[in-house]
Amino acid sequence: MSETETYYEFGTAADRWDRAQMFFEAKEYVTAARILGGLVEEAPEQVAPRLLLARSYYHSARLGRAEEELRAILELDPVESYARLMLGRTLERQGRAADAVPHLRMAAALNGDFGPGDARA
């Protein structure tokens, strides 16, 4: 084990996924991101680890990295509504409200919220 690696970066992918979720739930977002980064490298097509990685970045105020992960998720799955919502919130938090609006609107629409005047009621 090199000095930059730690015990929680070892084990099966399932072990590391469980460990990353545990660290995330404990609000240890930097540690969760470190574990998740390896999982995403191994399986970049899987949305769940990428989404938790984006959330870890968001909660640890690494907004540029969160934005990158969220955009990668949306390339894989353009109708992933939570990623769309998170991207909007991430852009807002970066002071980019105008960039956030289309993502927030799409997230709302994907969740069935069409805003004022929704005739489905």
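For P44 against L76, the heavy-atom pair with the smallest separation is O-CD1, 3.4 Å. Contact between I35 and A20 at its shortest, heavy atoms only, is CG2-CB, 3.8 Å. Contact detail for A66 and A54: the closest heavy-atom pair is CB-O, 3.6 Å. The two residues P49 and L39 make their nearest non-hydrogen contact at CB-CB, 4.5 Å. Minimum heavy-atom separation, L110 to S81: CB-CB, 3.8 Å.
In this structure, the ring-ring contact (aromatic ring centres under 6.0 Å, His included) partners of F24, at least two apart in sequence or on a different chain, are Y29, H59. With sequence neighbours excluded, no residue forms a salt bridge (Lys or Arg N to Asp or Glu O under 4.0 Å) with R62. In this view, E67 and R71, R96 satisfy the side-chain hydrogen bond (donor to acceptor under 3.5 Å, both in side chains) rule, not counting sequence neighbours. For E42, the salt bridge (Lys or Arg N to Asp or Glu O under 4.0 Å) criterion is met by R16, not counting sequence neighbours. With sequence neighbours left out, D15 forms a side-chain hydrogen bond (donor to acceptor under 3.5 Å, both in side chains) with T12. Remark: A83 pairs with L51, L70, I73, L74, E80 by the side chain to side chain contact (heavy atoms under 4.5 Å, CB included) rule, at least two apart or across chains. With sequence neighbours left out, the side-chain hydrogen bond (donor to acceptor under 3.5 Å, both in side chains) criterion links E68 to no other residue. Applying the side chain to side chain contact (heavy atoms under 4.5 Å, CB included) criterion to A43, with sequence neighbours excluded, gives E45, Q46.
No chain of hydrophobic side-chain contacts below 4.5 Å, direct or via other Ile, Leu, Val, Met, Phe, Trp or Tyr residues, connects W17 to Y82. Follow the hydrophobic side-chain contacts under 4.5 Å out from L63 and you reach L104 in the same cluster.
Side-chain N or O atoms of R19 include none that pairs as donor or acceptor with a backbone N or O of A14 at under 3.5 Å.
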For residues 84-92, which side-chain N or O atoms pair as donor and acceptor with protein atoms under 3.5 Å away, sequence neighbours left out?
unit_1 : atom_1 : unit_2 : atom_2 : d
R84    : NH1    : H103   : ND1    : 3.1
R84    : NH2    : P78    : O      : 2.9
R89    : NH1    : E92    : OE1    : 3.2
T90    : OG1    : M86    : O      : 2.7

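The list of salt bridge (Lys or Arg N to Asp or Glu O under 4.0 Å) pairs with a residue in residues 50-60, not counting sequence neighbours, reads R50-E69.
To the nearest 0.5 Å, atoms CG (L36) and OH (Y57) are separated by 8.5 Å.
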